[in-house]
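Along the sequence shown, residues carry numbers from 1. Both ligands and their constituent atoms are indexed starting at 1 by order of listing.
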Amino acid sequence: KIKNVSTWYPVQKNFWGQPTSFVKAVNDISFDIYKGETFGLVGESGCGKSTISRTLMRLDTPTSGEIRYKGRRIDGLNEEELRALRKDIQLVFQDPFAALHPLKKIGDAIVEPSYVHGLIDGKEAQKERAFQLLEQVGLGPAYYHSYPHQLSGGQRQRVVIARSLATDPKLLVLDESVAALDISVQAQVLNLLNDLKDKLQLSFLFISHDLNVVKYM
Ligand code: ADP
Ligand code: MG
């Protein structure tokens with residue numbers, strides 16, 4: 001539940017370091033996302049969509065307003081308290097090349113979040129989970145040993161989706177997640193997302209500048 005949220009970035013400061021002017025990237029926004037829903041957020045480039053997703057993930061702090069998750073205020077949580085939240089809400093980035101370390105094997109990259117959140121223990125469990133995640137996004141076990149540059153754009157985006165699922169999240173924030181893909185590949189990834197949503201009972205905040213893509217979802 002996003003209520004009257006604003007996120008302003010200071011762009012000018014006075015002699016004492018106090019901000020004197022702001023970019024009002026997000027200004028007084030309110031909306032609710034219900035369980036099991038795909039909430040589409042559409043708008044032209046630069047209108048503040050990514051700022052909303054970052055604010056919701058608490059990668060940015062809102063200037064004012066309230067953000068609630070399952071009824072609980074999250075806009076004032078500290079880093080420690082945010083850890084649990086970051087397990088439940090995962091961000092899927094637009095650019096899978098930037099999101100993946102070039103020298104890290106796919107199999108290791110996708111289970112990293114499970115590992116960070118202490119959800120798996122030991123090499124065997126890690127491997128098993130990686131194979132499970134690869135299968136969920138329609139990639140065979142052979143991809144475990146691949147590196148990002150060996151994959152196509154669509155395959156890389158599947159890897160990024162697999163990694164976002166590693167913590168068993170409840171809400172995926174998909175910020176222009178198919179914008180970098182060809183139309184035909186876009187459709188495949190969108191279908192995959194909808195299948196995963198049903199199978200894993202996810203909710204989506206689906207952000208795009210492309211009205212057709214949002215309508216499709
Ligand atoms: P969108 O995702 O809809 O394209 P963004 O949320 O990325 O839009 O950006 C909204 C506006 O806020 C833009 O004018 C952008 O230049 C500005 N902006 C984004 N991040 C920052 C920042 N860290 N500092 C200053 N201005 C920013
Ligand atoms: Mg954006």
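- Between Ala109 and Pro113 the shortest heavy-atom distance is O-CD, 3.8 Å.
- In the vicinity of Ser50, heavy-atom distances shorter than 4.0 Å reach the ligand 1 atoms 1 (P), 2 (O), 6 (O), 7 (O).
- Under 4.0 angstrom from ligand 1, there are no non-hydrogen atoms of His209.
- Proximity of the aromatic rings of Phe39 and Phe31 is defined here by a centroid distance below 6.0 angstrom, and this criterion is met.
- For atom 15 (C) of ligand 1, the closest heavy atom belonging to the protein is Val23 CG1, 4.9 Å.
- The Mg ion (ligand 2) has no N, O or S atom of Ser45 inside 2.8 Å of it.
- Looking at Gly43, Ser208, Ser53, Gly46 and measuring to atom 10 (C) of ligand 1, the nearest heavy atom belongs to Gly46.
- Salt bridge annotation for Glu81-Arg58: absent, with no cationic side-chain nitrogen under 4.0 angstrom from a carboxylate oxygen.
- Both the sub-6.0 Å distance and the 45° axial angle are not jointly satisfied by Lys1 relative to the ring of Tyr69.
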Under the side-chain hydrogen bond (donor to acceptor under 3.5 Å, both in side chains) rule, what do Thr167 and Gln90 come out as? Steps first, then yes or no, please. CA-CA 8 Å; Thr167 61; Gln90 287 283 325; 3.2 Å; yes
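- Under 3.5 Å, the side chains of Asp108 and Tyr115 contain no donor-acceptor pair of N or O atoms.
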Give the C-alpha distance, both sets of side-chain angles, the deciding distance and a yes or no for salt bridge (charged side-chain N to carboxylate O under 4.0 Å, His left out) between Glu37 and Lys35. CA-CA 5 Å; Glu37 186 175 53; Lys35 195 177 172 192; over 6 Å; no
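- Among protein heavy atoms, the minimum distance from atom 5 (P) of ligand 1 is reached at Thr51 OG1, 3.7 Å.
- Annotation: atom 12 (O) of ligand 1 to nearest protein heavy atom, Ala25 CB, 3.3 Å.
- Closest to atom 8 (O) of ligand 1 among all protein heavy atoms lies Gly48 N, 3.2 Å.
- Nearest to atom 23 (N) of ligand 1 by heavy-atom distance, out of Phe22, Tyr9, Trp8, is Tyr9.
- Taking any N or O of Val11, backbone or side chain, none lies under 3.5 Å from an N or O belonging to ligand 1.
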